[in-house]
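Notes for the one structure printed next.
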Amino acid sequence: MNIILLGAPGAGKGTQAEVLNKDLGIPTISTGNMLRAAVAEGTEYGLKAKAAMDAGALVSDDIVIGILKDRIAEDDCKNGFILDGFPRTVPQAEALDAMGVKIDKVVEIAVDEEIIKRRLTGRRVCLKCGATYHIRTKKPEVEGICNYCGEKLVIRKDDQPETVIDRLNTYHEKTAPLKDYYAAQGKLATVQGTDSIPDTEKDILEALKG
Ligand code: AP5
Ligand code: MG
């Protein structure tokens with residue numbers, strides 16, 4: 001099954017991708033995590049992506065489509081995948097269609113913007129494996145340390161309150177039109193992302209059946 005998780009910054013795409021990945025046994029592909037890894041490694045596209053990411057803008061379609069295409073060609077994607085953060089523009093969605101990638105379901109996780117702002121200021125992330133935590137709602141077993149790889153947790157650069165506002169604006173302008181794009185294909189389902197993490201996952205699993 002090929003699934004897209006859609007939603008504003010902080011809606012819980014990464015969080016849900018992590019639990020769905022375990023329960024459905026298909027890999028998660030997070031373009032945000034891949035770009036952050038490239039920035040940390042200082043690769044050529046990482047250098048190009050950094051300024052846009054720090055400003056809460058989008059990285060160019062060419063770069064992101066290129067990394068996505070390479071990733072879904074890998075062996076572990078044969079039985080399906082969960083896309084977290086891709087597509088984010090109509091041209092990216094058109095590129096997926098042009099590649100012949102069949103998307104089964106697009107699940108929008110809807111969360112009120114005031115809640116989003118609170119979530120993002122409390123978020124901590126592992127830059128090594130991409131795991132996401134929250135200082136109140138999803139604490140790691142050992143404070144400040146990733147449960148999975150023992151790395152020190154950090155605050156994402158783009159989680160500064162001013163940048164969050166820019167990211168939300170970018171979302172409304174560039175990414176929200178994808179709801180109509182996929183609704184027109186009969187693939188869109190919307191779940192409320194304000195319940196607990198397990199309850200939201202249940203709603204997503206239910207939406208995937210429909
Ligand atoms: P990306 O990493 O994809 O960031 P984003 O879309 O802004 O999304 P976030 O990671 O902030 O939100 P999320 O929905 O994953 O929330 P999370 O689960 O962490 O992209 C970063 C940047 O990379 C972009 O700005 C862009 O520059 C670039 N980029 C990436 N992909 C691109 C593309 N395709 N094209 C162009 N550019 C691209 O949850 C947030 C917090 O809330 C966490 O602390 C979590 O623990 C907590 N939380 C989650 N669910 C719940 C719950 N149910 N109850 C309580 N707390 C919860
Ligand atoms: Mg994320």
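Whatever order the structure lists ligands and atoms in, that order sets their numbers, starting from 1.
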Give me the nearest non-hydrogen protein atom to atom 36 (C) of ligand 1 as residue plus atom name, then the distance to 0.1 Å. Val59 O, 3.2 Å

What protein heavy atom is closest to atom 53 (N) of ligand 1, reported as residue, atom name and distance in Å? Asp195 O, 2.8 Å

Considering heavy atoms of the protein only, find what lies nearest to atom 45 (C) of ligand 1 and give residue, atom and distance to 0.1 Å. Thr15 OG1, 3.6 Å

What part of Ser60, side chain from CB on, backbone N/CA/C/O, both or neither, has a heavy atom under 4.0 Å from ligand 1? neither

Spell out, as yes or no, whether a donor-acceptor pair under 3.5 Å connects the side chain of Lys50 to the backbone of Ala40. no

Scanning both residues in full, the closest heavy-atom pair of Tyr181 with Ala93 reads CE2-CB, 3.6 Å

Residues Lys48, Glu44: salt bridge by 4.0 Å N-O rule: yes

Is any N or O atom of Arg123, backbone or side chain, closer than 3.5 Å to an N or O atom of ligand 1? yes

Is it the case that Glu113 and Tyr171 place a side-chain donor and acceptor less than 3.5 Å from each other? no

Look only at interatomic distance and state if Gly14 has a nitrogen or oxygen under 3.5 Å from any nitrogen or oxygen of ligand 1. yes

Below 3.5 Å, N or O to N or O, backbone or side chain included: is there any such pair between Gly85 and ligand 1? yes

Among all protein non-hydrogen atoms, which one is nearest to atom 12 (O) of ligand 1, and what is the separation to 0.1 Å? Gly10 N, 2.7 Å

Any atoms of ligand 1 less than 4.0 Å from a non-hydrogen atom of Ile197? List them with their elements. 50 (N), 51 (C), 52 (C), 53 (N)

Decide whether an N or O pair under 3.5 Å exists between Arg36 and ligand 1. yes

Which atoms of ligand 1 are found less than 4.0 Å from any heavy atom of Thr31? 30 (C), 31 (N), 32 (C), 34 (N)

Which option, His134, Arg119, Arg167, Lys157, owns the non-hydrogen atom nearest atom 46 (O) of ligand 1? His134

Among protein heavy atoms, which sits nearest to atom 3 (O) of ligand 1, and what does the distance come to when rounded to 0.1 Å? Arg88 NH1, 3.1 Å

For Gly193, the atoms of ligand 1 under 4.0 Å from one of its heavy atoms are 53 (N)

Partner of Leu205 under side-chain contact (heavy atoms from CB on, under 4.5 Å), chosen from Val19, Val107, Leu24, Val191: Leu24

Judged by atom type as modelled, is there a donor-acceptor pair below 3.5 Å linking the side chain of Asn2 to the main-chain atoms of Lys102? yes

Taking distance alone, with no angle check, do Val64 and ligand 1 share an N/O pair under 3.5 Å? no

Using a plain distance cutoff, I'd like to know if Arg156 has any nitrogen or oxygen under 3.5 Å from a nitrogen or oxygen of ligand 1. yes

For atom 22 (C) of ligand 1, the protein heavy atom that lies nearest, with its residue and separation: Met53 CE, 3.8 Å

Got a second to check how far Glu108's CD is from Ile4's CD1, nearest 0.5 Å? 12.5 Å

Note the single closest protein heavy atom to atom 27 (O) of ligand 1, along with its residue, its atom name and the distance in Å. Ala57 O, 2.6 Å

In ligand 1, which numbered atoms sit nearer than 4.0 Å to a non-hydrogen atom of Leu35? 23 (O), 28 (C), 29 (N), 30 (C), 38 (C)

Is there a side-chain contact between Ile155 and Arg124 (heavy atoms, below 4.5 Å)? yes

Less than 4.5 Å apart, side chain to side chain, heavy atoms only: is that true for Glu151 and Cys129? no

To the nearest 0.5 angstrom, please state how far the NZ atom of Lys187 sits from the CD1 atom of Ile3. 13.0 Å

Using a 4.0 Å cutoff against the non-hydrogen atoms of Thr137, which atoms of ligand 1 qualify? 55 (C), 56 (N)

Do any nitrogen or oxygen atoms of Gly7 lie less than 3.5 angstrom from nitrogen or oxygen atoms of ligand 1? no

Given Thr31, Val64, Leu68, the one that forms side-chain contact (heavy atoms from CB on, under 4.5 Å) with Gln92: Val64

Between Tyr133 and ligand 1, find which residue part has any heavy-atom pair under 4.0 Å and reply side chain, backbone, both or neither. backbone

Non-hydrogen atoms of Pro140 and Leu153 that approach each other most closely: CG-CD1, 3.7 Å

Any N/O pair Thr194/ligand 1 closer than 3.5 Å: no

Return the minimal non-hydrogen interatomic distance between Thr200 and Asp195, and the atom names on each side. OG1-O, 3.5 Å

Closest to atom 35 (N) of ligand 1 among protein heavy atoms sits Gln92 NE2, 2.9 Å

Apply salt bridge (Lys or Arg N to Asp or Glu O under 4.0 Å) to the pair Arg119 and Asp159, showing each step before the final yes or no. CA-CA 10 Å; Arg119 282 187 181 177; Asp159 279 347; over 6 Å; no

